[in-house]
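This report refers to the structure that appears directly beneath it.
Both ligands and their constituent atoms are indexed starting at 1 by order of listing. No hydrogens, no waters, no symmetry mates; every other heavy atom, side chains included, goes into these values. Positions are given from 1, in the same order as the sequence printed here.
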Amino acid sequence: MKVPMIDLKAQHATIRGEVLAAVHEVFEDQYFILGPRVKLLEERIAELCGVHHGIGVSSGSDAILLALMAAGVGPGDEVVTTPYSFFSTVSSIVRLGAKPVLADIEPETFNLDPRKVAAVCTQNTRVIMPVHLFGHLVDGQEFQSVAKEKRAVLVEDAAQAIGAHGAGFRAGQIGSMACFSFYPTKNLGGTGDGGMVTTSDADLASSLRILRVHGGRDKYVHLRVGINGRLDELQAAVLLVKLPHLARWNEVRRLVAERYGEGLSGLPLILPVERPGFYHTYHQFVVQLEDRDRLKSHLQSHDIGCDIYYPIPLHLQECFRDLGYAPGDFPMAEQCARKSLALPIYAELTEDKQSEVIARIRDFFGRAHV
Ligand SMILES: *Cc1c(COP(=O)(O)O)cnc(C)c1O
C-alpha cells in the first residue's frame, strides 16, 4: 500500500466546493492585492493567536525578514537562533547584513535551548529568535526572561506552530512578533506562498505594514526601504476557507501521533516528546534512531513516504561558512540531523495507511505488532 508523506489532494477533496467558490469570488471582484480578504484573515489569525495585529505577507521567509527589519536589525547586530531549522530562519538574518549567532538545541524537543542562548548573547544581540520546531512550543517564560535580561527583542519563528500552545502561551504570544508561514504543506497551507507576522505592539504593526509595501505609508512617499512583501487576496480567500478546519486538523494530527506512539512502542527508536502542559500540533512526527538511513530506504522501498528534517544543520551549510562554525560546535543539532526521520502525518491519513507505516517499521526491526 502506497502511503505518501503528505496528501494535499485528499485534503482538497474535503473542501473542494468551498475553496472553488471562494476563488471564484476573487475573480469576480478582480481585487487582488491587500483587499478585504487579507484584512479579514489578519483579524482572524490575530484572534487565533490571542494578539492585537496580524500583517499578511508574501511568505514565512518574508515574515521573518520583515519582523527583523521592524526590529531594526542591520549590520553590526547579532540575532541569536538555532542551527536546527529551515534555511530561512538564518538566511533572513544574513540578508540584512546582521550576524546569526547560534546556540544548540534540546534534543528532546528539537528546540533552541534557552540556557544556551544566554551564554552566547553579547551587547550586540538585538533579537533572540527561537523556532517552535515541528509544532512544539518553546518555553515562553524562559525565553521572555532571557530576552528581558539581555535587552533583546524576542521574535518567534512560528512557521510550523499555528494553533499550538503550551505553558500559558499560544504560538504568537511569546515574542514581540511572531512569524507564520502558509506554505502549502504547513498545518494551515495556502495555494502558493503566503505568511503572516503577528504582534500586539501597535508601533511594530504599523512599521510592518509600511515595510511590506516598499516602506511607503502613502503611495510614492517612502519612509524606509521596504520590500514588496504582501499577501494576496487569492491566498487569503483560500486560507479563510481552511482556517475554520484548522483546530480539527490539528486534533487529528494529535490522534495520529498518539497511534504512532502506541504502534511503535517498545522499538529501539526515540519518539517525539510532548512536554506536560503543552499542545503539540505535530507539523512533523519525527523519530530518532541510529540506523536512520537504512530505515528510510526500507520504507521507501515499500512506497512509504518519509523525510529528513533537517539533514544538514545550518551552521554546516556551505553558504554560511563565513560564520566560522565547524562540525562539533552544536553536538545536539548534529546528532538530530544524523538520527531524525519524519513519518507521514496529516489529518487525512487513514488508519489503514498508518497501520501499514507501523507494520513496515516493525518488520524493519524484526518485531511484529502485538
Ligand atoms: C516553512 C518555514 C519557514 C519559511 O516559510 P516559507 O513560507 O516557506 O517562506 C521558516 N521557518 C520555518 C521553521 C519553516 O518551517
Side-chain angles (χ1 to χ4, degrees), residues 5-6 8 38 41 45 54-69 79-96 100 102-103 105 109-112 127-138 143 154-164 171-172 174-175 177-198 208 212 227-232 234-236 238-239 242 250 253 272 280-286 307-315 317 320 333 336-337 340 342 345-346:
M5 185 60 188
I6 181 141
L8 293 177
V38 170
L41 183 72
I45 298 286
I55 296 91
V57 299
S58 36
S59 68
S61 302
D62 285 341
I64 297 170
L65 188 71
L66 286 161
L68 296 179
M69 288 168 87
V79 177
V80 177
T81 190
T82 168
Y84 198 64
S85 181
F86 180 67
F87 181 67
S88 60
T89 305
V90 169
S91 68
S92 310
I93 303 164
V94 173
R95 284 180 63 189
L96 292 171
L102 307 177
I105 59 169
T109 61
F110 303 95
N111 282 335
L112 183 59
V127 169
I128 296 172
M129 183 162 61
V131 181
H132 307 305
L133 206 67
F134 306 141
H136 194 301
L137 249 57
V138 300
F143 274 94
L154 187 59
V155 175
E156 297 165 63
D157 180 343
Q160 301 188 0
I162 194 158
I174 297 171
M177 290 173 275
C179 308
F180 293 90
S181 166
F182 304 127
Y183 186 77
T185 59
K186 296 284 154 85
N187 289 29
L188 178 65
T191 41
D193 282 309
M196 180 102 33
V197 185
T198 59
L208 288 159
R212 79 169 162 185
I227 63 170
N228 176 354
R230 299 169 294 229
L231 183 68
D232 67 72
L234 214 45
Q235 295 309 325
V238 172
L239 291 162
K242 290 192 176 191
N250 281 344
R253 280 175 186 266
H280 196 324
T281 49
Y282 293 99
H283 173 57
Q284 300 292 353
F285 187 92
V286 175
D307 227 325
I308 298 170
Y309 302 105
Y310 295 89
I312 305 174
L314 296 171
H315 66 290
Q317 294 287 352
F320 298 139
C336 290
S340 61
I345 189 161
Y346 38 94

* Asked: Does Asp157 come within less than 4.0 angstrom of ligand 1, counting non-hydrogen atoms of the residue?
  -> yes
* Which heavy atom of Gly194 sits nearest a heavy atom of Leu231, and at what distance? -> CA-CD1, 3.6 Å
* To do: Please check if the side chain of Asn187 supplies one atom and the backbone of Thr281 the other of a donor-acceptor pair under 3.5 Å.
  => yes
* **Heavy atom of the protein closest to atom 15 (O) of ligand 1 (residue, atom name, distance)** => Gln160 NE2, 2.8 Å
* Ala159 heavy atoms, cut-off 4.0 Å: which ligand 1 atoms fall inside? -> 2 (C), 3 (C), 10 (C), 11 (N), 12 (C), 14 (C), 15 (O)
* Compare every heavy atom of Pro130 with every heavy atom of Leu154, then report the nearest pair and how far apart it is. => CD1-CD, 3.7 Å
* Any idea which part of Ser85 is under 4.0 Å from ligand 1, heavy-atom wise: side chain, backbone, both or neither? -> side chain
* **Nearest heavy-atom neighbours spanning Pro311 and Ala337** => O-CB, 3.6 Å
* Can you list the atoms of ligand 1 that are under 4.0 Å from a heavy atom of Thr89? -> 11 (N)
* To do: Please report the shortest heavy-atom distance between Ala342 and Gln284, naming the atom on each side.
  => CB-OE1, 3.9 Å
* **Residue, atom name and distance, where the atom is the protein heavy atom closest to atom 3 (C) of ligand 1** => Phe86 CD2, 3.5 Å
* Are the side chain of Glu156 and the backbone of Gly175 linked by a donor-acceptor contact shorter than 3.5 Å? -> yes
* Structure fact -> Numbered in order shown, the ligand 1 atoms found under 4.0 Å of a heavy atom of Val131 are 13 (C)
* Structure fact -> Atoms of ligand 1 under 4.0 Å from any heavy atom of Gly60, numbered from 1 in the order shown, are 4 (C), 5 (O), 6 (P), 7 (O), 9 (O)
* Main-chain N/O of Ala159 paired to Asp157 side chain as donor or acceptor, under 3.5 Å -> yes
* Have a look at ligand 1 and work out which part of Lys186, if any, has a heavy atom under 4.0 Å from it: side chain, backbone, both or neither. => side chain
* Between Leu133 and ligand 1, which part of the residue brings a heavy atom under 4.0 Å of the ligand: side chain, backbone, both or neither? -> neither
* Whether over 12 other heavy atoms sit under 6.0 Å from Tyr346 OH -> yes
* Asked: Can any side-chain N or O of Arg212 pair as donor or acceptor with the backbone N or O of Val57 at less than 3.5 Å?
  -> no
* **Any Ser88 heavy atom less than 4.0 Å to ligand 1** => yes
* Please confirm whether Tyr183 comes within less than 3.5 Å of ligand 1 when only nitrogen or oxygen atoms on both sides are compared. => no
* **ligand 1 to Ser61 polar contact by distance, N or O atoms, under 3.5 Å** => yes
